[in-house]
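First up is the structure itself, then whatever we jot down about it.
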Amino acid sequence: MVSIKENLEKVTAQLPNGVRLVAVSKFHPVEELAEAYEAGQRLFGENRAQELIAKAPQLPEDIRWHFIGHLQKNKVRAIMPHVSVIESVDSVKLLSLIEKEAARIDRTVDVLLQLHVAQEETKSGFSVDEVLEAGEAGELTCYPHVRVCGVMAMASLTDDMEQVAQEFDLVRRTYLTLKDGPFDESEDFNELSMGMSDDWQVAVKYGATLVRIGTAVFGPRSY
Ligand SMILES: *Cc1c(COP(=O)(O)O)cnc(C)c1O
């Protein structure tokens, strides 16, 4: 059996400089996360609030937790003490609530704006038009306790890598439009989080700075 350590080494050896790995540990037990931690991994991604809250206190404090799932408004307060980056901000309302909860415990939190570019309707995120409109309206840049650090997206679940490439390209262009527009004064807006186990090589070609990889590190999930 291939170990988590070997999987991690294999993936990280292929990542160009400047691209960081978020090890997506959802549905895997803390023992497996500890194994990845021992191998040097510090960024972990979880997509359910309850799971993040349960796991974080059992593992070392220097882990940086990325929240990558749809975040319900009533869960923002609970994850706030644990999370380093909320990658899945999909509305202005959620952004305002994150500001409020971060201010409440006197911290600043990093977030990414999730874009919906995939074909599946079930995936969440701002449409390209919505995010650009919110940016123009000043609704993305008025939060003293939130650093908006870039964008996150998932491509369609398909074997058609041409389709996936087009979607990542759209994400990259939207990121650049925001960076040159509402975020042109921001030193923080630098991250492009895209690419999972089956498509991260394509994402890297389109400028990903964060790849979120689960299966290729921890093996298949048993739901
Ligand atoms: C589960 C998940 C991943 C990782 O998926 P794999 O195919 O296992 O690498 C990445 N991003 C998000 C948002 C996820 O929910």
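Starting from 1, each residue takes its place in the sequence as its number. Whatever order the structure lists ligands and atoms in, that order sets their numbers, starting from 1.
Remark: distances from the non-hydrogen atoms of Arg221 to ligand 1 include one below 4.0 Å. A heavy-atom separation below 4.0 Å is not found between Asp198 and ligand 1.
With hydrogens left out, the protein atom closest to atom 9 (O) of ligand 1 is Ser197 OG, 2.5 Å, a heavy atom. What sits closest to atom 12 (C) of ligand 1 on the protein, heavy atoms only, is Ile68 CD1, 3.5 Å. In terms of protein heavy-atom proximity, atom 1 (C) of ligand 1 is closest to Lys26 NZ, 1.5 Å.
A salt bridge links Lys5 to Glu9: one of the charged nitrogens lies within less than 4.0 Å of a carboxylate oxygen.
For ligand 1 and Arg212, the ligand atoms under 4.0 Å from any heavy atom of the residue are 4 (C), 9 (O), 10 (C), 11 (N), 12 (C), 13 (C). When each atom of ligand 1 is checked for a heavy atom of Gly214 under 4.0 Å away, the hits are 4 (C), 6 (P), 8 (O), 9 (O). Contact atoms of ligand 1 toward Thr215: 6 (P), 7 (O), 8 (O), 9 (O) (distance under 4.0 Å to a heavy atom of the residue). Each of the following atoms of ligand 1 lies closer than 4.0 Å to a heavy atom of Ile213: 9 (O).
Looking at Arg212 and Ser193, their side chains do bring a donor and an acceptor atom within 3.5 Å of each other.
Formation of a donor-acceptor pair under 3.5 Å by the Glu99 side chain with backbone atoms of His145 is found in this model.
Taking the ring centre of Tyr37 as origin, the terminal cationic atom of Arg42 falls inside the region bounded by 6.0 Å and 45° from the ring axis. Seen from the ring of Tyr206, Arg173 does not count as a face-on cation partner, given the 6.0 Å and 45° thresholds.
Ring centroids of Phe189 and Phe183 are separated by less than 6.0 Å, placing the two rings close together.
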